[in-house]
S.K.: 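I have a structure here, written as structure tokens, and I will follow up with some questions on it.
Quick note: residue numbers are just sequence positions, from 1. Model, not experiment: these values are computed from the prediction.
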Amino acid sequence: MSETNLLTQLEDMQQKALQAVSAIEDEAALQAWRTAHLGRSAPVMQVFSNLPKVEKELRPQVGQRANQIKQALEAAFTERSEAIKQTSLQRALTQAALDVTLPGRRPVHGRLHPTTQILREMVAIFAEMGFQVFLSPDVETDDLNFGLLNIPPYHPARDMWDTFHAATPGVVLRTHTSPGQIHAMRAYAPEPVRVVLPGMCYRYEQTSVRSDMQFQQVEVLAVGQHITFADMKGTLEGFARRLFGNNVQIRLRPSYFPFTEPSGEMDVECFLCGGKGCVICKGSGWLEIMGCGMVHPTVLRNGGYDPEQFSGFAAGIGPGRVAMLRYHIEDIRYFWANDVRFLEQF
Ligand code: PHE
């Protein structure tokens, strides 16, 4: 290859490169152009590395020209790059102009869990009857969850509550909100008490359509002088009527709890079968929503009251069961399965 030829080639290279760059419209293509024309294996760069092979007399001329071309290409790159930035800015300003007349996008609202909604509704009904909210811990001692509630160790009644035990002996996840009765009584004694204790309970048991291993409960406790079974019945029935309406069948039937005497359970007509009997109501036609009873004298004493002078009633109500009745939900496990398609409906 003759050196004059090399010079013509250099001119040619420059012309082609400049022509190519003037047609480029976007940043990516411009970067590709830079690699092709100014990168390590670009033709101009090759001329530099081959310079030692060029005839001695012509070497300065070729070198100088190649340098000028390289500078010209670099200048063209900067210029084009500026131009592209300007155009895209212009485009952004005109195309994505803020149109204040467009309707806004509605933000997605979070909401309360269905059983929390019901729980709050229940608490509000009791609040109107003069009950205050009293919070007590989810993690309890064996003594508060059982012993002080008149369920001594090895008593067969313990079979009613399958329990999660902590690694620390004597520490359990509460199986019901009833230990809160002791906390509340000890906080108020010898004054009268009228409280509701909402919270989560945990049971180490087989789940089914109507019972899960984790569920909320609202404990109700009233302690004072001259409180009778009639007060309990009136309060709980009034509450159920407020919650379900006057037309729903409700019944109070005798039951057994170690911490109440006498004890009862309140049932509401099964929503699914309307009382005929089905899987949800275990064939009975009724769905249990609460356990209740007159506070046992031993429990009153453990709470700091003299059972000769004081009496009271207590109840434990499940908002999950109430929500099932209200919304016709056929499996209580949906509540904690964490499927948003289910939860978004409420
Ligand atoms: N703690 C009982 C349960 O979870 C319910 C209950 C509460 C019964 C208060 C009577 C009085 O099964």
S.K.: Taking L112's backbone N and O only, do any of them form a donor-acceptor pair with R120's side chain (distance below 3.5 Å, no angle check)?
M.R.: no
S.K.: Under the criterion salt bridge (charged side-chain N to carboxylate O under 4.0 Å, His left out), I'd like the reasoning laid out for R210 against E288: C-alpha separation, chi angles, the key distance, then a yes or no.
M.R.: CA-CA 10 Å; R210 61 186 174 273; E288 179 209 325; over 6 Å; no
S.K.: Using a distance-only test with no angle check, is there a side-chain donor-acceptor pair under 3.5 angstrom linking S178 and E219?
M.R.: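 Note: S178 and E219 side chains meet the donor-acceptor criterion.
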S.K.: Where do P258 and N150 come nearest, in terms of heavy atoms and distance?
M.R.: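 Taking every non-hydrogen atom into account, O-ND2, 2.9 Å.
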S.K.: Return a table of donor-acceptor pairs under 3.5 angstrom between the side chains of residues 43-51 and protein atoms on other chains or two or more places apart.
M.R.:
unit_1	atom_1	unit_2	atom_2	d
S49	OG	M45	O	3.2
S49	OG	Q46	O	3.0
N50	OD1	K53	NZ	3.3
N50	ND2	Q46	O	3.3

S.K.: List for me each residue that meets ring-ring contact (aromatic ring centres under 6.0 Å, His included) alongside F342, sequence neighbours excluded, and say none if there are none.
M.R.: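 ring-ring contact (aromatic ring centres under 6.0 Å, His included) list for F342, sorted by chain: Y334, F335, F346.
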S.K.: Only one of D142, T175, N145, T163 passes side chain to side chain donor-acceptor pair (under 3.5 Å) with R158; say which it is.
M.R.: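 Between R158 and the candidates, side chain to side chain donor-acceptor pair (under 3.5 Å) is satisfied uniquely by D142.
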S.K.: Are I317 and L243 connected, step by step, through hydrophobic side chains (Ile, Leu, Val, Met, Phe, Trp, Tyr) whose heavy atoms are closer than 4.5 Å?
M.R.: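 Looking at the clustering, L243 is in the same group as I317.
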S.K.: For W286, does its backbone N or O pair with a side-chain atom of S284 as donor and acceptor, under 3.5 Å?
M.R.: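 A pair under 3.5 Å: yes.
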S.K.: Please assess R253 against E265 for the test salt bridge (charged side-chain N to carboxylate O under 4.0 Å, His left out), listing each intermediate value before the final yes or no.
M.R.: CA-CA 5 Å; R253 70 189 150 78; E265 275 174 88; 3.6 Å; yes
S.K.: Report, one line per pair, each donor and acceptor closer than 3.5 Å where one atom sits in a side chain of residues 23-31; sequence neighbours left out.
M.R.:
unit_1	atom_1	unit_2	atom_2	d
D26	OD2	A28	N	3.3
D26	OD2	A29	N	3.2
E27	OE2	Q31	NE2	3.2

S.K.: Run the salt-bridge test on R34 and E74 with the 4.0 Å N-O cut-off and return the result as yes or no.
M.R.: no
S.K.: Suppose clustering is done on Ile, Leu, Val, Met, Phe, Trp and Tyr with side-chain heavy atoms closer than 4.5 Å. Which residues sit in the same group as F134?
M.R.: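 Taking Ile, Leu, Val, Met, Phe, Trp and Tyr as members, F134 shares its hydrophobic cluster with L144, F146, L148, L149, I151, M160, W161, I182, M185, Y188, V193, V195, L197, L221, V223, Y256, F257, F259, V295, V299, L300, Y305, F310.
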S.K.: Looking at CE of M232 and OG1 of T235, how far apart are the two atoms once the value is rounded to the nearest 0.5 Å?
M.R.: 9.0 Å
S.K.: To the nearest 0.5 Å, what is the distance between NZ (K85) and OG (S88)?
M.R.: 9.0 Å
S.K.: Taking all non-hydrogen atoms of both residues into account, name the closest pair between Q217 and T177 and its distance.
M.R.: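 Heavy atoms of Q217 and T177 come nearest at OE1-N, 2.8 Å.
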S.K.: Tell me every residue that passes side-chain hydrogen bond (donor to acceptor under 3.5 Å, both in side chains) with D231, counting only those two or more places apart in sequence or in another chain.
M.R.: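 Expected list: T228.
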S.K.: For T78 and S81, test the side chains for any donor-to-acceptor distance below 3.5 angstrom and give the result as yes or no.
M.R.: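 T78 vs S81: no donor-acceptor pair found between side chains.
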S.K.: Working note: D267 + R251, criterion salt bridge (charged side-chain N to carboxylate O under 4.0 Å, His left out); need CA distance, chi angles, decisive distance, verdict.
M.R.: CA-CA 5 Å; D267 301 333; R251 72 174 183 185; 2.8 Å; yes
S.K.: May I ask you to check whether F229 and F313 place their ring centers less than 6.0 Å from one another?
M.R.: no
S.K.: Indicate, with yes or no, if L58 and L6 share a hydrophobic cluster defined by side-chain heavy-atom contacts under 4.5 Å among Ile, Leu, Val, Met, Phe, Trp and Tyr.
M.R.: yes
S.K.: Taking atom CD of Q206 as the centre, report whether more than 12 heavy atoms of other residues, nucleotides or ligands fall under 6.0 Å from it.
M.R.: no
S.K.: State, to 0.1 Å, how close T87 and A83 come at their nearest heavy-atom pair, and which atoms those are.
M.R.: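 Closest approach of T87 to A83, heavy atoms only: OG1-O, 2.5 Å.
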S.K.: For E79, enumerate each residue passing the side-chain contact (heavy atoms from CB on, under 4.5 Å) test, keeping only those at least two apart in sequence or located in another chain.
M.R.: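 With sequence neighbours excluded, E79 shows a side-chain contact (heavy atoms from CB on, under 4.5 Å) to no residue whatsoever.
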S.K.: Is the number of heavy atoms from other residues, nucleotides or ligands under 6.0 Å of D339 CG greater than 12?
M.R.: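 Yes, the 6.0 Å shell around CG holds more than 12 heavy atoms from other groups.
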S.K.: In terms of side-chain geometry, is the basic nitrogen of R326 or E121 positioned less than 4.0 Å from the acidic oxygen of its partner?
M.R.: yes
S.K.: Looking at R174 and P179, what are the two nearest heavy atoms and their distance?
M.R.: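 Distance-wise, the nearest heavy atoms are CB-CG, 4.3 Å.
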